[in-house]
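Structure first, commentary second.
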2 protein chains.
Amino acid sequence: MTYTIKDVAQRANVSTATVSRILNDQGGYSEKTKRKVLNVIQELDYYPSGIARGLTNKRTDTIGVLVPNLTSSLITEFLNGIESVAHKIGSSVIVCHTESHGIKTMKYLQLLHEKRIDGLILASTLLKKEYYDYIVKMRVPVVLLSAYSEFPVPYVTANDYEAAYTGTKYLIQKGHKDIGMISGNKEEWIAGNLIPRVEGFKSALSDYNIPFYESYIEYGKFSIDDGVTGLKHLLNRVPDLTAIFAENDEIGMGVLSAAYNLGIKVPEKLSVIGMDDISLCKFMSPPLTSVSLSHNEMAEKAANLMFKMINSATEVSNCILDHQIIERLSVRSQ
Amino acid sequence: MTYTIKDVAQRANVSTATVSRILNDQGGYSEKTKRKVLNVIQELDYYPSGIARGLTNKRTDTIGVLVPNLTSSLITEFLNGIESVAHKIGSSVIVCHTESHGIKTMKYLQLLHEKRIDGLILASTLLKKEYYDYIVKMRVPVVLLSAYSEFPVPYVTANDYEAAYTGTKYLIQKGHKDIGMISGNKEEWIAGNLIPRVEGFKSALSDYNIPFYESYIEYGKFSIDDGVTGLKHLLNRVPDLTAIFAENDEIGMGVLSAAYNLGIKVPEKLSVIGMDDISLCKFMSPPLTSVSLSHNEMAEKAANLMFKMINSATEVSNCILDHQIIERLSVRSQ
DNA sequence: TTGTATGCGTTATCAG
DNA sequence: CTGATAACGCATACAA
């Protein structure tokens, strides 16, 4: 038997209104009745129904988080950060694994709509027009995490262009001239980012008068596997690369792995740098140098932004975070 | 403006009852009215309120998943599997990151109770009496994933004892005699598992007449960091170990990392085997040999079990899954 | 300080 | 086949 506010009211000889007031600290009751009611609540081990509450309050204390991938460390670190601030604020998070599928994403959006979530975070996902249209109809605050959009939706992200520039420059200053890049999905980057990382890579090369060839870039997806196949392809095309700029750490890990299996010593024969600085980097062999985009901060900022929007309905500004090179052992001077 | 069933009913000149019937495919209406109503629904882009529905149906199509850790790959792979079957069934999952804290766990249990979730999965978490008591009061189906309990709660787990035995035996048959083990939290294992992995380790040693010393075991937690500090401590105590049996892959990864930084070649100087076979194993340098516990299957089995319980309220049986050694390159013959 | 009554958006039980 | 209407569990405006 699970009790209702009525049960509590009856046992305490008060009205449900009074119980409700006490439950919500609204004032307007004597200390005595408060104690009486609180006692009954304890006795019955009564917990108010969140759904009934949601029905009247139009607020479910639940948010949705859309992620394209649950096996990516970056994403789960995002999830971690979001969950943390949500819990602090008293909200729960529903995880929605979209697998980058348009259809699954739409289905999830509808589901979240039915569940009447208070807010929504899209992590590392490209905001298609279809999604955007639906979201405005839902009328819930949204924020983009690690993504950018032309649509008027607040985002929290890094300056991918500059970060990639910095990373590439780092390699150059270490004396590397033959630098390959393994990038993720081309279209997704172009659409979902302010300026893609590849551009930063190219700019750095150009600024330091290093010739650039399209064949030095390998496009794939964003997973570890893409790092391993990426390296192989790249090395087939241009064997004398001395350094690899990996679009993200998962790809970087793939490169490390492929290099190991190919018998290519890192960093002796090949330097590798990644991006994001996920927590696994430092445990790689060798530890992976990476451009940190302070994604922990990013996730928390995004979540805080969203809750702010939920509470004040005020439009908020975007946020572009800083980056920083974390030197480890996967890069050496040429 | 977000529409209600009333709006739909009015526009279609029918009663809300009829709309509801059509919405739920209950029959008892003409094709004509069905089309009419469906049209209006499309026009308005109406989606029924899940919370209102939940209030009457006493079913929220939402489950809770308690995880002790969101940065562990094993856990997120569990989450991945659970989310996948939940979504197939039309349920959403609320992630609850307990951080192994008793207090946070209780808070989460209460929260989930308020949210009136349909079911609950505890992943890799020790079911304390306090939790158990609360859960029976909640009256929701629970299943333990990768854990065991004396309380009458169904669980889906591996035979940790045998798996560890097999892993150790594998090392022994490769000619190793000086094998160290890095284990997780001692108390948690004893309480949360049928027979802890350490016991399998000891039994194998004993069966093959290899003397066992307590100093060969290092206890820590379950993270990568524990693997790196674990190896250091172990090597301090007994420097001529030729192999390490890591209680799980995260620890194994830590061992690999520490070995690299210590200049100890794996597998030439030190063999390492992990457990769980998380997807990162094959990308390590060297690729980490591991005892696979088919945790993908485990997660899905647990989720399916829980949904079965939700739907039929029938008590279900436990499930103990098989294991298998996945040979890679981190172990070599002595 | 407290209680009554109504609404929140559905579903379900009755009648018709 | 269809329509009132009463729940579901809570919050709140309005009375008292």
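By convention in this document, chain letters (A, B, ...) are assigned in the order of the sequence lines, proteins followed by strands, and residues within each chain are numbered from 1.
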Of the nucleotides [options], which has the atom closest to the [X] side chain?
X	options	answer
B:Asn57	C:dG3, C:dA12, D:dG9	C:dA12
B:Ser15	D:dC10, C:dG9, D:dA4	D:dA4
A:Thr33	C:dT10, D:dG3, C:dT2	C:dT2
B:Asn24	C:dT4, C:dT11, D:dC1	C:dT11
B:Arg53	D:dA11, C:dT11, D:dT12	C:dT11
B:Thr16	C:dT11, C:dT2, D:dC10	C:dT11
A:Ala17	D:dT2, C:dT10, D:dT12	D:dT12
A:Val14	C:dG3, C:dT10, D:dG3	C:dG3

**Message:** Just the rounded figure in Å: distance from C1' of D:dC8 to CG of A:Leu55.
**Reply:** 9 Å

**Asked** C:dT10 C1' sits how many Å from B:Ile51 CD1, rounded?
**Response** 10 Å

Could you tell me whether the phosphate oxygens of [N], OP1 or OP2, come under 4.0 Å of any side-chain nitrogen or oxygen in [X]?
X	N	value
B:Ser20	C:dT11	yes
A:Thr56	D:dT12	no
B:Lys58	D:dG9	yes
A:Tyr47	D:dC10	no
A:Gln26	D:dT12	yes
A:Thr18	C:dG3	yes

**Message:** Regarding C:dG3, can its base be found pairing with the side chain of A:Arg21 as donor and acceptor, where the two atoms are less than 3.5 Å apart?
**Reply:** yes

**Item:** side chain to side chain contact (heavy atoms under 4.5 Å, CB included), paired with B:Ile121, selected from B:Ile82, B:Leu66, B:Val156, B:Leu144
**Value:** B:Ile82

**Asked** Does any donor atom in the side chain of B:Lys115 or A:Ser92 lie under 3.5 Å from an acceptor atom in the other side chain?
**Response** yes

**Complete:** Distance col, row A:Asp45:CG vs A:Tyr3:OH, nearest 0.5 angstrom, shows 9.5 Å

**Prompt:** Could A:Lys137 and A:Asp133 be called an ion pair, given the rule that one side-chain N must be under 4.0 Å from one carboxylate O?
**Reply:** no

